[in-house]
Amino acid sequence: MITEIDRLLESYFEGKTSVAEEKMIRHYFAHHNLDDDLKEYVSLFRFLENESEAKAVLNEIRHGSDASVPQRQPTGRYWAMAAIAASLLIALVLLSPDKQSTTQNGNYVWVDGKRMSDPLTVMKYAELSFGKVHPESDIIEDQLCFVLE
Amino acid sequence: MDIVEYKRIVITLRPSLLTVARNITGNNEDAEDVVQDVCLKIWHQRDRFGQYKNVEAYSITMVKNLSIDRIRNRRSSVGEVALLTHESEDWLPDSILEEKEESEAIRSIIGMLPPLQQRILQMKDIEGYETDEITHITGIAAEAVRNNLSRARKRVRELYGIYYHIQETAT
C-alpha cells in the first residue's frame, strides 16, 4: 500500500515537491518511528534541516556585519588613534622652534619684505623711510621700542 | 545548544575565525567560505559541543585545517574536475567511507555532484527556494531545474545508501 509519505518521497526524488511539502517530509522523518526501509533517510533529511537552519542564521549574521561596516561607530581603537593624532599635533606646536623666542625681545617687523628683530637696524630703516627726520627720531625710537618690547 | 545559543557563539567567534582564515587563505572569499563551513560543522556537532572545554581553540583549529585544505584543493583543481565528473554506479571514495560523521559524509557526497546539480540542490533543499524562483535566478528552464534536481537527489540517495549500509554492516 502506498502511503502519503511514499507519494511525497517519490515526488521529492523527481524534483516535483514544493518547499512546503519538503518541510512536511523533514518533519515526518524527525518525529516518527520509521520502518527499516525508511531509516536511511533520517540522517539525510536531518542534515538538510540542520544545514538550512544554520545557513539562515549565518547569512543573517554575515549580512548584518556587512551592512554595519559603513555605519560603524567609532570604537575604542578609533578614539585611541584620534587621541594619538591630537597629541602629536599639540606636541608639534609646543616643541617646534619658537621663532619669536629666538629674537631678542620676542617681536619683529617687516621692512621692504625683510623680517627684522634688531631695534637698531629697524630704526635705521625707519629713519631712512622718514627721510632722516632727526627731530622726530626720538619719537620714532620710542615707538619702535614700545613695539619691540 | 539551541539556535539562539548557536547564534550567540557564532557572533562572538566569527571575527577571530575570519582573521585566521584570511591569514592562511589570503583572500576574503575563501575565508568566508571556510568560516561558514566551520560554523555549519559546529551546528551539526552541537550535541557533542559541551565536551570541548575551549570552544574557540577548537573552532580555530578547524579553521586552520579547512583553510589549509582549501589551499591544497586550489593546487589540485585537475583532480577535482575528475572527481566531479566521475560516473561510476557503485563508486564511493575512501575518504567518505572512512568518515565517522554522517553529516560530513552527506556534505562530501553533495560536494561530488556536478556543479550545476550541486547549486540547484543547495538552492532548493538548503536555501529554501521554490523551483520557479530558481528558474528566475539562474535563467535555467523549469524543466531543466527539475531534471537536475531530481538527478542530484537520486545520486545523493544512491551514494548515501552505500555509505549507510556499509556503516550499518560495520556496527
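Scope of the values below: all heavy atoms of this structure, side chains included, with no hydrogens, waters or symmetry mates. In what follows, chains are A, B, ... by sequence order, proteins preceding strands, each numbered from 1.
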Measuring from atom CD1 of A/Ile61 to atom OH of B/Tyr6, what distance do you get when rounded to the nearest 0.5 angstrom? 7.0 Å
Mind checking the CD-NE2 spacing from A/Glu40 to B/His165? Nearest 0.5 Å is all I need. 4.5 Å
In Å and rounded to the nearest 0.5 Å, what is the CD to CG distance from A/Glu51 to B/Leu40? 4.5 Å
With chain A, which of B/Ile3, B/Asn148, B/Thr131, B/Leu149 has the greatest number of heavy-atom pairs at distances under 4.5 Å? B/Ile3
What part of A/Phe45 lies closer than 4.5 angstrom to a heavy atom of chain B: side chain, backbone, both or neither? neither
So which residue, B/Gln36, B/Arg157, B/Lys7, ends up with the most heavy-atom pairs under 4.5 Å with chain A? B/Arg157
Please indicate whether B/Tyr129 has more than 12 foreign heavy atoms, meaning atoms of other residues, nucleotides or ligands, lying under 6.0 Å from its OH. no
Any side-chain to backbone donor/acceptor pair from B/Ser150 onto A/Phe13? Under 3.5 Å, distance only. yes
Is it the backbone or the side chain of A/Lys23 that comes under 4.5 Å from a heavy atom of chain B, or both, or neither? neither
Got a second to check how far B/Ile110's CD1 is from A/Leu48's CG, nearest 0.5 Å? 6.0 Å
Starting at CD of B/Glu102, measure out to CZ of A/Arg46 and round the result to the nearest 0.5 Å. 6.0 Å
Should B/Lys154 and A/Glu14 count as an ion pair when the cut-off is N to O under 4.0 Å? yes
Contact origin within A/Val19 toward chain B - heavy atom pairs under 4.5 Å: both
Where the side chain of B/Glu130 meets the backbone of A/Ser18, is there a donor-acceptor pair that is under 3.5 Å apart? no
Between B/Lys124, B/Glu127, B/Gln122, the one whose heavy-atom pairs under 4.5 Å with chain A are most numerous: B/Lys124
Taking only Lys NZ, Arg NE, NH1 and NH2, and the carboxylate oxygens of Asp or Glu, determine whether A/Glu53 and B/Arg46 approach each other closer than 4.0 Å. no
Let me confirm one number: the OG1-CZ distance from A/Thr17 to B/Arg153, rounded to the nearest 0.5 Å. 4.5 Å
Does the side chain to side chain contact (heavy atoms under 4.5 Å, CB included) test come out yes or no for B/Tyr164 and A/Val42, once each step is laid out? CA-CA 11 Å; B/Tyr164 179 83; A/Val42 173; over 6 Å; no
